[in-house]
Protein chains: 2
Amino acid sequence: MSYTNIPKPTESELEILHVLWEHGPSSVRFVNDKLNEEREIGYTTTLKLMQIMADKGLALRNTESRTHIYKAAVSEADTQKRLLQKFVDTAFRGSAVKLVMQALGNHQASPKELDEIKALIEKMESEDDDQ
Amino acid sequence: MSYTNIPKPTESELEILHVLWEHGPSSVRFVNDKLNEEREIGYTTTLKLMQIMADKGLALRNTESRTHIYKAAVSEADTQKRLLQKFVDTAFRGSAVKLVMQALGNHQASPKELDEIKALIEKMESEDDDQ
DNA sequence: TTGCTTTTACGAAGAGCTTCGTATATAATT
DNA sequence: AATTATATACGAAGCTCTTCGTAAAAGCAA
């Protein structure tokens, strides 16, 4: 099977992407070891997932050496943006603000982080004023 | 099959919950009509989903009349909280702040909404000061 | 060289979700 | 009463995702 446009990563694929994003191009062995720091998962399971990801276009692989090296083919920011878009639609019926309020209410953020968010809001507001 | 603790709703189940949350207790016919305003879906498909939801504990049904009436057994806020928790973990590796920044950056929020968020942040900051 | 380890390839099982066809019962219509 | 419409119940197919067993190839060690 082959894909014309890259699909959203599944949950397991996301776990793998996080390893690739954090550590750069990696072998299946390396990724599997990282995943096993979080949960138990067989080597061939990881292998299969990464092969599927290459097939889907989520990852690229270098097959020059016997040990294939995979790297992420999608960026973290873009992927999070896509996933967030979908999530806002399905869980919050499109209301990003409701999601933001929930997220701020339920999770603790440091004073510094809160200030960052406030700064972003103020920046957005000043940009609106310009129009 | 029966469930001891209520599972997370799937995407289709969420669509149905949204109808129940918005319109209150409803028949399968009513829900199916609402869903069909968004996309094509067969009546027995909706029926089956709602029966499963009742089985899972996501919905309650009143079977007194021939036309069963279903109502949500989980609240919108609680459900969104649960889904958000999971989503932050999988897509943003637990960083709610990153999610908030993305959400604010990608979706337009009205000045009024931005002010609400700012107010919430300030309230949180003042609460922190008290400690 | 012979055997052990590592790696990829392949296929398939099992689970969950979505979808709908068919059967059956009940109500409404003519 | 006979027909038509509406409702629930049941089962199963098709899809995706996850998981892993097994086989084959390539490299390493005794």
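Not measured: the values here are computed from a predicted model. To find a chain, count down the sequence lines: A is the first, B the second, and so on, and within it residues start at 1.
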*Asks:* According to a strict under-4.0 Å criterion, is B:T45 in side-chain N/O contact with OP1 or OP2 of C:dT18?
*Replies:* no
*Asks:* Considering just the side-chain nitrogens and oxygens of B:R39, establish if one lies under 4.0 Å of OP1 or OP2 belonging to C:dT19.
*Replies:* yes
*Asks:* Base, sugar-phosphate alone, or nothing: which one does B:K8 contact when heavy atoms must sit under 4.0 Å apart?
*Replies:* nothing
*Asks:* Closer to the 5' end of DNA chain C via nearest nucleotide, is it B:G42 or B:K56?
*Replies:* B:K56
*Asks:* Scan B:E13 against the nucleic acid and name what it touches under 4.0 Å (heavy atoms): base, sugar-phosphate only, or nothing.
*Replies:* nothing
*Asks:* Return the minimal non-hydrogen interatomic distance between A:L83 and B:A91, and the atom names on each side.
*Replies:*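 Scanning both residues, the minimum pair turns out to be CD1-CB, 4.1 Å.
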*Asks:* Go through the steps for A:T79 and A:W21 under the test side-chain contact (heavy atoms from CB on, under 4.5 Å), then give the verdict.
*Replies:* CA-CA 11 Å; A:T79 302; A:W21 285 329; 3.6 Å; yes
*Asks:* Grab the CD1-P distance between B:I16 and C:dC17 for me, whole Å please.
*Replies:* 13 Å
*Asks:* In this structure, how many angstroms lie between the C1' atom of D:dA25 and the CG atom of A:L47, rounded?
*Replies:* 14 Å
*Asks:* Measure from the side-chain heavy atoms of B:T44 and tell me the nearest of C:dT8, C:dT19, C:dT22.
*Replies:*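 Side chain of B:T44 sits closest to C:dT22.
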*Asks:* Tell me which of A:H68 and A:K48 sits closer to the 5' end of DNA chain C, going by the nucleotide each one is nearest to.
*Replies:* A:H68
*Asks:* Does B:K71 have more than 12 heavy atoms from other residues, nucleotides or ligands lying within 6.0 Å of its NZ?
*Replies:* no
*Asks:* To the nearest angstrom, how far is A:I69 atom CD1 from C:dT8 atom P?
*Replies:*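 The distance from CD1 of A:I69 to P of C:dT8 comes to 8 Å, rounded to the nearest Å.
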*Asks:* With a 4.0 Å limit, can you tell me whether B:S27 has a side-chain N or O closer than that to the phosphate oxygens OP1/OP2 of D:dA7?
*Replies:* no
*Asks:* Quick check: closest heavy atoms across A:M50 and A:Y70, and the distance to 0.1 Å?
*Replies:*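 So the minimum-distance heavy-atom pair works out to O-CE2, 3.4 Å.
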*Asks:* Without decimals, in angstroms, what is the distance between A:R61 CZ and C:dA9 C1'?
*Replies:* 9 Å
*Asks:* Using a cut-off of strictly less than 4.0 Å, decide whether B:Q51 has a side-chain nitrogen or oxygen near OP1 or OP2 of D:dT8.
*Replies:* no
*Asks:* Taking the side chain of B:Y43 as its heavy atoms from C-beta onward, which of D:dA7, C:dT18, D:dC20 lies nearest to it?
*Replies:*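 Per side-chain heavy atoms of B:Y43, the pick is D:dA7.
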*Asks:* To the nearest angstrom, how far is B:L35 atom CG from C:dT18 atom C1'?
*Replies:*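 My rounded result for the distance is 13 Å.
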*Asks:* Specify the separation, in whole Å, of atom CD1 of A:I41 and atom P of D:dT18.
*Replies:* 9 Å
*Asks:* In terms of side-chain heavy atoms of B:I52, which of C:dT18, D:dC17, C:dT7 is nearest?
*Replies:* C:dT18
*Asks:* Take the protein atom CG of B:L58 and the nucleotide atom P of C:dT18, then report the distance between them rounded to whole Å.
*Replies:* 11 Å
*Asks:* Is the shortest side-chain N to carboxylate O distance from A:R39 to A:E15 below 4.0 Å?
*Replies:*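 Yes.
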*Asks:* Under 3.5 Å, which N/O atoms of the protein pair with N/O atoms of nucleotides 3-6 of chain C?
*Replies:*
residue, atom, partner, partner atom, Å
C:dT6, O2, A:R66, NH1, 2.9
C:dT6, O2, A:R66, NH2, 2.8

*Asks:* What is the nucleic acid contact for A:S12, judged by heavy atoms within less than 4.0 Å: base, sugar-phosphate only, or nothing?
*Replies:* sugar-phosphate
*Asks:* Would A:K34 and A:E22 pass as an ion pair if we require N to O under 4.0 Å?
*Replies:*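 The answer is no: the pair does not qualify as a salt bridge.
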*Asks:* For A:K81, is the NZ atom crowded, meaning more than 12 foreign heavy atoms sit under 6.0 Å from it?
*Replies:* no
*Asks:* Starting at atom CD of A:E40, determine the distance to atom C1' of D:dT19, rounded to an integer number of angstrom.
*Replies:* 12 Å
*Asks:* Decide, yes or no, whether a salt bridge links B:K98 with A:E76 under the criterion of side-chain N to carboxylate O below 4.0 Å.
*Replies:*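 The answer is yes: the pair qualifies as a salt bridge.
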